[in-house]
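The chain is numbered in sequence order, starting from 1.
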Amino acid sequence: MSYLVVFISGIITALPLIVSEAAPVVWFSLIPLFVSAMTKKSAYRHGLVFGLGYYGVMYHWFVYLYPFDFAGFNKVQAVFLIALCWGGLALLQSVGTAFVPFLLKKLKTKNSFVNVFCSASLWALFEWLQTQTWLGVPWGRLAVTQYKVLPVIQSASLLGSLFTGFIIALVNACCADAYIRLKETGKLEKTAFAAAAVVLLNFGYGVVALNLRSETRETVDVALIQGNIASGDKWADDSVERSLDLYSSLTEEACEENGAKLVVWPETVITTSARQNQIISAAISDLAEETGAVIFVGTFDKIFNDKTDKYDTYNAIAAFYPDGTVGENPYYKRHLVPFGEYLPMPGLFKTLVPALADMNLFDSDLTPGEDAAIMETEYGDVGALVCFDSIYEELTLSSVREGAQIIVLSTNDSWYRDSAAVYQHNGHAVLRAVESGRYVLRAANTGISSIIAPDGRIISSLGPLKEGFVTGKAAFSDERTVYSYVGNLIVWLSAAYVAVCAVFKVRSSFLKIHNRQVSK
């Protein structure tokens with residue numbers, strides 16, 4: 001495969017992340033990548049080129065951040081930062097992607113099925129590694145390309161979205177091997193039939209799972225409020241008062257429409273500490289009493305740190321109850337956005353790329369939360385996520401394991417306006433619902449706000465750049481998916497498989513060297 005073909009295949013693989021109707025192409029678009037890994041000496045470079053095509057297209061939405069005026073940058077600085085973020089993140093993740101064909105080339109054997117399972121295992125390991133450290137951003141997982149194809153993603157309830165990606169990679173690797181063997185022998189090999197079998201088994205399982213699922217639990221009326229306040233307006237001097245008035249009005253209207261008992265506001269709707277500001281706290285508490293609803297408010301929270309003698313600031317979700325009380329156990333965002341909410345390696349970046357250091361919207365770094373902070377209501381226990389949290393599956397997993405019966409998700413995707421990013425982000429929420437077997441109530445500042453069922457169905461939603469609310473019904477659940485018990489078992493199985501392949505490869509190499517020496 002030429003570099004051009006591999007580059008184009010990367011672009012094609014990214015298309016479903018922009019146009020969801022293109023989801024089927026991912027089941028064969030990785031074939032050139034795996035063919036290159038199995039046949040070319042320059043496997044790493046082919047992998048790098050594939051990644052540049054894939055991530056370069058996927059992250060095109062960085063251009064929607066222009067002109068970055070909400071962060072105080074001029075137009076030249078904005079262009080530089082967008083190019084740096086778009087190109088830098090695409091290149092960084094491409095470097096990682098390239099290790100999949102590179103290692104596959106090193107571990108390749110004469111056995112087709114060993115090779116294809118090694119391919120899928122390496123892909124699963126690579127996608128998992130994208131969640132590690134502040135550099136890890138698992139935004140472009142293969143499973144996200146399928147979030148609207150419900151039968152395909154039901155496998156995520158078994159071993160997670162990494163398993164769904166494993167299956168897609170396995171099918172592509174089988175097809176790649178079949179293509180290579182067909183060229184060599186003129187015969188259609190077993191791996192071609194294996195690819196078809198895997199597709200049918202995964203799809204068939206999904207159809208059965210969807211048809212066997214029944215909603216027998218008592219439901220609760222819910223409302224998600226979407227004020228459609230742009231990022232620049234959100235931080236204006238009078239923004240707190242305007243936001244409070246708008247969200248209160250929309251909440252009253254939503255509760256009148258369907259008698260909502262749970263109301264979710266987006267991320268940092270209140271750009272100060274709603275719990276600790278007596279006026280704001282009293283206003284929202286009065287609203288909760290008036291509507292009879294538990295209101296989950298995206299806000300900030302401050303706690304005095306005795307060690308530093310300063311206040312730690314958290315990106316939080318606070319619960320306001322109909323009896324006028326305020327929850328004493330707010331949820332704090334656990335996975336903060338690098339450069340947006342905190343500065344990693346400050347000495348390095350302040351010296352080398354000061355513009356990146358200036359991207360932080362706050363005077364000082366926010367503090368990450370440390371636990372799931374389950375919030376109690378009379379209807380059941382609520383787990384929470386804030387924005388970036390939702391692309392890291394282990395955060396939802398820990399919430400379910402700690403007792404969450406429903407998930408509320410507050411986010412602010414206003415940075416991306418009506419770009420592919422808001423749909424991609426919503427796709428991650430769909431995967432979290434399937435993995436956890438929980439309703440996900442996603443409230444976004446400018447959209448997409450959506451009620452997502454445990455099988456991934458988007459029951460009701462409000463699109464980008466619209467002011468309004470989403471109402472519907474959701475159920476609390478104690479039922480557990482297989483994934484909620486075993487977690488990312490696919491990672492450990494994949495690691496073990498690759499390790500065994502590596503041991504046999506090393507053993508085979510030593511035997512060859514030994515035999516040559518004996519023959520001499």
Side-chain angles (χ1 to χ4, degrees), residues 218-229 234 238-303 314-332 373-386 403-410 439 441-445 449 451 460 462 467-476:
E218 185 177 348
T219 58
V220 177
D221 291 304
V222 301
L224 317 176
I225 312 302
Q226 183 171 304
N228 193 34
I229 299 176
K234 186 176 176 180
D238 61 344
S239 65
V240 174
E241 292 79 8
R242 287 190 295 108
S243 292
L244 184 58
D245 288 344
L246 174 60
Y247 276 87
S248 296
S249 175
L250 289 172
T251 298
E252 289 173 346
E253 188 178 346
C255 288
E256 288 176 5
E257 179 177 291
N258 83 328
K261 299 303 179 185
L262 296 180
V263 177
V264 186
W265 290 7
E267 179 185 11
T268 57
V269 163
I270 305 301
T271 55
T272 185
S273 177
R275 288 200 318 143
Q276 289 137 350
N277 184 305
Q278 293 183 353
I279 296 175
I280 295 172
S281 179
I284 301 176
S285 292
D286 289 345
L287 180 64
E289 286 188 86
E290 175 191 336
T291 59
V294 183
I295 303 176
F296 296 94
V297 178
T299 182
F300 290 100
D301 211 54
K302 291 182 180 291
I303 296 179
Y314 297 87
N315 189 339
I317 295 177
F320 290 78
Y321 295 97
D323 62 0
T325 60
V326 183
E328 296 181 356
N329 184 38
Y331 172 79
Y332 296 145
I374 304 302
M375 294 176 278
E376 296 179 356
T377 74
E378 64 177 288
Y379 311 102
D381 293 337
V382 177
L385 301 169
V386 176
Q405 297 170 300
I406 202 168
I407 303 294
V408 299
L409 166 57
S410 294
Y439 273 87
L441 311 180
R442 184 182 197 269
N445 188 14
S449 297
I451 300 172
S460 183
L462 182 62
E467 178 186 310
F469 51 82
V470 176
T471 58
K473 296 181 181 292
F476 287 75

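Here salt bridge (Lys or Arg N to Asp or Glu O under 4.0 Å) pairs that include residues 258-280, with residues two or more places apart or in two chains, are Glu267-Lys333, Arg275-Asp301. The side chain to side chain donor-acceptor pair (under 3.5 Å) pairs that include a residue from residues 249-259 are Thr251-Trp265, Glu257-Thr471, where partners are two or more places apart or lie in different chains. Sequence neighbours left out, not one pair with a member in residues 280-294 passes side chain to side chain donor-acceptor pair (under 3.5 Å).
For Ser410, there are no side chain to side chain donor-acceptor pair (under 3.5 Å) partners, not counting sequence neighbours. In terms of the side chain to side chain contact (heavy atoms under 4.5 Å, CB included) criterion, residue partners of Asp323 (sequence neighbours excluded) are, by chain and number, Tyr321, Thr325. Contacts of Ala373 classified as side chain to side chain contact (heavy atoms under 4.5 Å, CB included), with partners at least two apart in sequence or in another chain: Asn329, Tyr331, Asp371. Checked against side chain to side chain contact (heavy atoms under 4.5 Å, CB included), Ala443 has the following partners two or more places apart in sequence or in another chain: Leu224, Val264, Pro266. Among residues two or more places apart in sequence or in another chain, the ring pair (Phe, Tyr, Trp, His ring centres under 6.0 Å) test is passed with Tyr332 by Tyr314. With sequence neighbours left out, the side chain to side chain donor-acceptor pair (under 3.5 Å) criterion links Lys473 to Asp221. Remark: Thr272 pairs with Val240, Ile270, Asn277, Ile280 by the side chain to side chain contact (heavy atoms under 4.5 Å, CB included) rule, at least two apart or across chains.
Distance CD1/Ile295 to CD1/Ile317: 14.0 Å, rounded to 0.5 Å.
For the pair Asn445 and Thr268, the minimum side-chain heavy-atom distance is 4.5 Å or more. You'll find the side chain of Pro322 reaches within 4.5 Å of the side chain of Val294, heavy atoms only. At least one side-chain heavy atom of Leu262 sits less than 4.5 Å from a side-chain heavy atom of Phe296.
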List the steps and the verdict of side chain to side chain contact (heavy atoms under 4.5 Å, CB included) for Ile229 and Tyr247. CA-CA 10 Å; Ile229 299 176; Tyr247 276 87; 4.0 Å; yes

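Each of Val470, Asn228, Ile225 was scored for a side chain to side chain contact (heavy atoms under 4.5 Å, CB included) with Leu462, with one residue passing: Val470.
Within the 3.5 Å criterion, the main-chain N or O of Ala444 finds a donor-acceptor partner in the side chain of Ser449.
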For residues 375-382, please give each side-chain donor-acceptor pair under 3.5 Å, one per line with the distance, not counting sequence neighbours.
unit_1 : atom_1 : unit_2 : atom_2 : d
Thr377 : OG1    : Tyr379 : N      : 3.1
Thr377 : OG1    : Gly380 : N      : 3.1
Thr377 : OG1    : Gly380 : O      : 2.7

